[in-house]
Trainee: 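Quick one: the structure is below, questions incoming.
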Protein chains: 4
Amino acid sequence: MSKFKGVVPPVVTPLNDDLTVDYPSYTRVLEHLIGAGCHGVFVLGSTSEVVFYDDKTRREIIEHSAKVVNGRVPLIVGTIDPTTDRVISHAKIAKAAGADAVVVTAPFYTVTSQSEILDHFRYIRDAVDVPLIAYDIPVCVNVKLQRQTTVTLAKEGTIIGLKDSSGDDGNFRYALLDLAAHKDIFLMTGSEIVVDTALLMGAHGVVPGIANVDPHGYVRLWDAAQRGDWALAKKEQERLCRLFEIVWVAQGRVSGGASGIGAFKTAMKQLGIIDTAFMPRPRAPLNEAETAKIDDILRATGLLG
Amino acid sequence: MSKFKGVVPPVVTPLNDDLTVDYPSYTRVLEHLIGAGCHGVFVLGSTSEVVFYDDKTRREIIEHSAKVVNGRVPLIVGTIDPTTDRVISHAKIAKAAGADAVVVTAPFYTVTSQSEILDHFRYIRDAVDVPLIAYDIPVCVNVKLQRQTTVTLAKEGTIIGLKDSSGDDGNFRYALLDLAAHKDIFLMTGSEIVVDTALLMGAHGVVPGIANVDPHGYVRLWDAAQRGDWALAKKEQERLCRLFEIVWVAQGRVSGGASGIGAFKTAMKQLGIIDTAFMPRPRAPLNEAETAKIDDILRATGLLG
Amino acid sequence: MSKFKGVVPPVVTPLNDDLTVDYPSYTRVLEHLIGAGCHGVFVLGSTSEVVFYDDKTRREIIEHSAKVVNGRVPLIVGTIDPTTDRVISHAKIAKAAGADAVVVTAPFYTVTSQSEILDHFRYIRDAVDVPLIAYDIPVCVNVKLQRQTTVTLAKEGTIIGLKDSSGDDGNFRYALLDLAAHKDIFLMTGSEIVVDTALLMGAHGVVPGIANVDPHGYVRLWDAAQRGDWALAKKEQERLCRLFEIVWVAQGRVSGGASGIGAFKTAMKQLGIIDTAFMPRPRAPLNEAETAKIDDILRATGLLG
Amino acid sequence: MSKFKGVVPPVVTPLNDDLTVDYPSYTRVLEHLIGAGCHGVFVLGSTSEVVFYDDKTRREIIEHSAKVVNGRVPLIVGTIDPTTDRVISHAKIAKAAGADAVVVTAPFYTVTSQSEILDHFRYIRDAVDVPLIAYDIPVCVNVKLQRQTTVTLAKEGTIIGLKDSSGDDGNFRYALLDLAAHKDIFLMTGSEIVVDTALLMGAHGVVPGIANVDPHGYVRLWDAAQRGDWALAKKEQERLCRLFEIVWVAQGRVSGGASGIGAFKTAMKQLGIIDTAFMPRPRAPLNEAETAKIDDILRATGLLG
């Protein structure tokens, strides 16, 4: 059984008002997640706003995370950049700085294909001795990791797992079926809102961005599912679905990226987990009216008194 | 009248067989283009495979280009990376290394919006004192620069021009109409195959990737259009359309990116302009059968004896 | 509680070799479904190839179905055509011919909007006194029924239910949550492969095309879910997922429509349920090699001896 | 040389306030177009709102049009419906009622493929002895007629021409090049805003919806292009581009379909060509504020005193 399993939140990156990383808040986020019983942490993912950070900042974030986590749970690190050799460079740094596994997307900006994606992962695996997790996120990279691509990479040992943020639950299910005999392969959903059902399908882990706000909820959901208590899992999921509606509060006024991550950060600030809700440029922060609506949702879902 | 006008090819980046930049070939490409009468060069664009190169290589390419070009024509430099501050970093390097203007896309990987795109360009303009050219390339960044976005940025002085690789000629025409009174604004098409018609609409420049293969053809097309000889411009364009069919020779076997840039590089190698046709990983090179088909097209369009 | 619930297959339309409807086979299909314990039948849906049939044929199909079904289960009828008044005409015929409810998509061919979709359903409801079920099928009509659209129509009484074939399980879940207090509203998934999870979410019915081939499987799945035996529901679903792979056997050679419906019809022919596997023009039938592969899958999933 | 050439407007369908066809206004539209020098008329196209009309209304519209046109110009008739045999039925009626050619799209609603599209056109051509024009309109049918599909159908004699409303000018140009030797083939653009450039490419005809409002403008554009006076053609096109901005006046408030056709009808009403600006359900008419903005544009482009 893979050591990568369970609730593995993609960790938000708190910022100071000068848009440098706020490491004291960052430490609190990690402690908040680990303290809630999360089974791993995923830093430098999309929720972490990884593509906004340069090499130096990324390295500092990994080193800081490794120091705080200190082996208590696996540390998974995103190495997101457009092309193979740039990803290899990130992966080498991540490994040196303490990553237990790295998360790799398909190439982006460039117009790619499934056979090129296969080569991309194989080149990276050959170049760096660190476990690879494939990241299927078409909304960001504009290409889907097809079932056959994922399954081939897993069966041949190029990847040890998948984070599926594609929203294509049927495809995810077929990957689970195709790889059912491969007990060392680890398939995680990136969804926040169909986690109970992904677990019923047999998903080995969940990577919900909003677990930054409510890790206890996802750990309860996970535990219920492990016990086969699907009614309770569903009930917890439905509360978390109501919480997840914070991501649409600023929809239309700011970009989809800012609306979602901005909501996570704003909620965490309102809950006292981090100090500010800033995002890197050009993302605009949420405003007071939006913050008030988020407070309402936090209260309605039992997170704010 | 802007000094940026005419035929401004996006320069391919020739590689050695170890995938380092082949600077002797690179020099020959630049001389080939300038010698043919091109009015500028655009390095580190999509055709240059910019997103495959790290900071150090990008800086070397700009410095090398500046040295070779030596002020004979404007040197335009792409600063393509996902987010604002990373682009600013590239733009500062480009300026220091001799760029006359830099080319900036919308943010990518991140889910953006038109208002965020406006801010993106404004932050970059505020941070670096170098002229900005907006690059509309939805196939790579997954978002369109809407007419109003481009026109706003141009009228307020944030950008001095546009490279439109969106294929949306109607939208391009409206931008031309909206900005007709702004004589200092420079609107270029990125098309290879509707250049005559873009010039009839009033386009100020053209950035055809395949001008790497046949710059003389595009200079003749440009000159004919300047004289109002549209029949000749059309005739030249039609020959170039036949030449452009090289980009589909490897279609299906390799990715769209590799099929296109691979065809340019292969044709340039067959014509003796560069030494090899390698592309950065994970792009696979064209094979012998495909090279033979490209030779056929080069012969049919008068480029190979 | 709505009388519309449970397993409601979209009924395939068997054809003679002259492409007229093969009513003896049609009768056998209906008896096969009702005999297996299906809770309703949906005729003239996408699986029924409704848009291939003219008014006269549609009327005959409804009348034939009503006669065979004879009130044993609800008879739901698709009234699929591009625009409001044409749908009204179909709905009047359907009602007169014995439909218990009609299924209506968003307008198509025309470029529509959510507010226009609201009006579309309201005009139809005003014009015909028959219960309406909204059909969310963006792959066919090129527009999504947004959560707010569905919920508004349901709360105001314009529609009594939804068939969701959008593949957007998260959106479906929010519709379930938003309408949880409305016990008379009936939300069905059109999926074949995430039926167990849709039922865990609280779906009231399932409309799987491949239930034409194996209705007993879906009835077992439904029954297991009703008892809360999610492990058994999952196991049955996984077998049905393997069966569903028949839809990709002819992928690439024929259109997506023909590959899917052709597979259903071919499997039903091989199982002796219908006499031929023809589809209306321009759909090409599956060939012998494809039929042999379908036989293999039927054997592997226990349907063929 | 084909008799189908020149300016061939897609004729709007004027309605009475009870949404029946207003034939006196319809007659005036046809006389307006023919009187302005248009070279043909295309009835029952997308601009005509064809998919909103039942068989009986379609037949009446064709018969009425044939009577009014009376052989003065070719009468081209759309036979738009989702599938092959339904199109054949429309085509037979169109032929009987006096159509000189019929316009056929790819199948829609159904998920189709290029090979199925080839069969679709061939079946129709075999079934009805009337010239076929292919209609490439992906925004409505959700599939593109690929270059090879159009060229194959034209070379084998299945179609006599193409109406290209895809906005893909590069693809249109390649079709023109591929069919240059086939003097009997007729390739028309459906654009309103790049007509001059389509004519420079060699297009044989233009089908601009807004020619209903200003046919004289498009006839002047056509005449200028025939004389090779591209500067004048461009100037006329630019005025027509400003006129075309009426289609965005109601954008956002009503659907894209209603915003466009509603603007045409409203402008025609304001110019006294038709009596009302109603559209079939569920399209909502433009309001007074929008009508005032359309008046402003009509004045600015010289159509309203």
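The chains referred to below are lettered A, B, ... by the order of the sequence lines, with proteins before strands, and numbering in each begins at 1. Not measured: the values here are computed from a predicted model.
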Trainee: Heavy atoms only: give me the nearest Pro82(D)-Val51(C) pair and the separation to one decimal.
Mentor: CB-CB, 3.9 Å
Trainee: Are more than 12 heavy atoms, taken from residues, nucleotides or ligands other than Arg253(C), located less than 6.0 Å from that residue's CZ atom?
Mentor: yes
Trainee: What part of Thr105(D) is in contact with chain C, defined as an atom under 4.5 angstrom from a non-hydrogen atom: side chain, backbone, both or neither?
Mentor: side chain
Trainee: Checking Leu118(D) against chain C: side chain, backbone, both or neither under 4.5 Å from a heavy atom?
Mentor: neither
Trainee: If you count heavy-atom pairs within less than 4.5 Å of chain C, which of Asp85(D), Val141(D), Val139(D) leads?
Mentor: Asp85(D)
Trainee: Within the 3.5 Å criterion, strictly below it, is a donor on Arg283(C) or Thr112(D) matched to an acceptor on the partner's side chain?
Mentor: no
Trainee: Name the option with the most non-hydrogen atom pairs under 4.5 Å to chain C; the candidates are Ile137(D), Asp119(D), Ile261(D), Asn142(D).
Mentor: Asn142(D)
Trainee: Out of curiosity, Asp54(D) CG to Ile88(C) CD1, how far, rounded to the nearest 0.5 Å?
Mentor: 12.0 Å
Trainee: Closest heavy-atom contact between Ser113(D) and Val254(C)?
Mentor: OG-C, 4.4 Å
Trainee: Taking all non-hydrogen atoms of both residues, which atom of Phe52(C) and which atom of Thr110(D) are closest, and how far apart?
Mentor: CZ-OG1, 3.9 Å
Trainee: Can we say Asp126(C) and Arg281(D) salt-bridge, meaning some charged N sits less than 4.0 Å from an Asp/Glu carboxylate O?
Mentor: no
Trainee: Does a side-chain N-to-carboxylate-O contact under 4.0 Å join Asp55(D) and Arg86(C)?
Mentor: no
Trainee: Yes or no on side-chain hydrogen bond (donor to acceptor under 3.5 Å, both in side chains) for Tyr109(D) and Ser46(C), after CA distance, side-chain angles and deciding distance?
Mentor: CA-CA 9 Å; Tyr109(D) 190 87; Ser46(C) 306; 2.8 Å; yes
Trainee: Identify which one of Ile124(D), Thr84(D), Ile117(D) satisfies the side-chain contact (heavy atoms from CB on, under 4.5 Å) criterion when paired with Pro282(C).
Mentor: Thr84(D)
Trainee: Give me the atom names and distance for the closest heavy-atom approach of Glu116(D) to Ser255(C).
Mentor: OE2-OG, 2.7 Å
Trainee: Taking CZ in Arg59(D) as the centre, count heavy atoms belonging to other residues, nucleotides or ligands within less than 6.0 Å. Is the count above 12?
Mentor: no
Trainee: Around atom NZ of Lys293(D), are there more than 12 heavy atoms from other residues, nucleotides or ligands closer than 6.0 Å?
Mentor: no
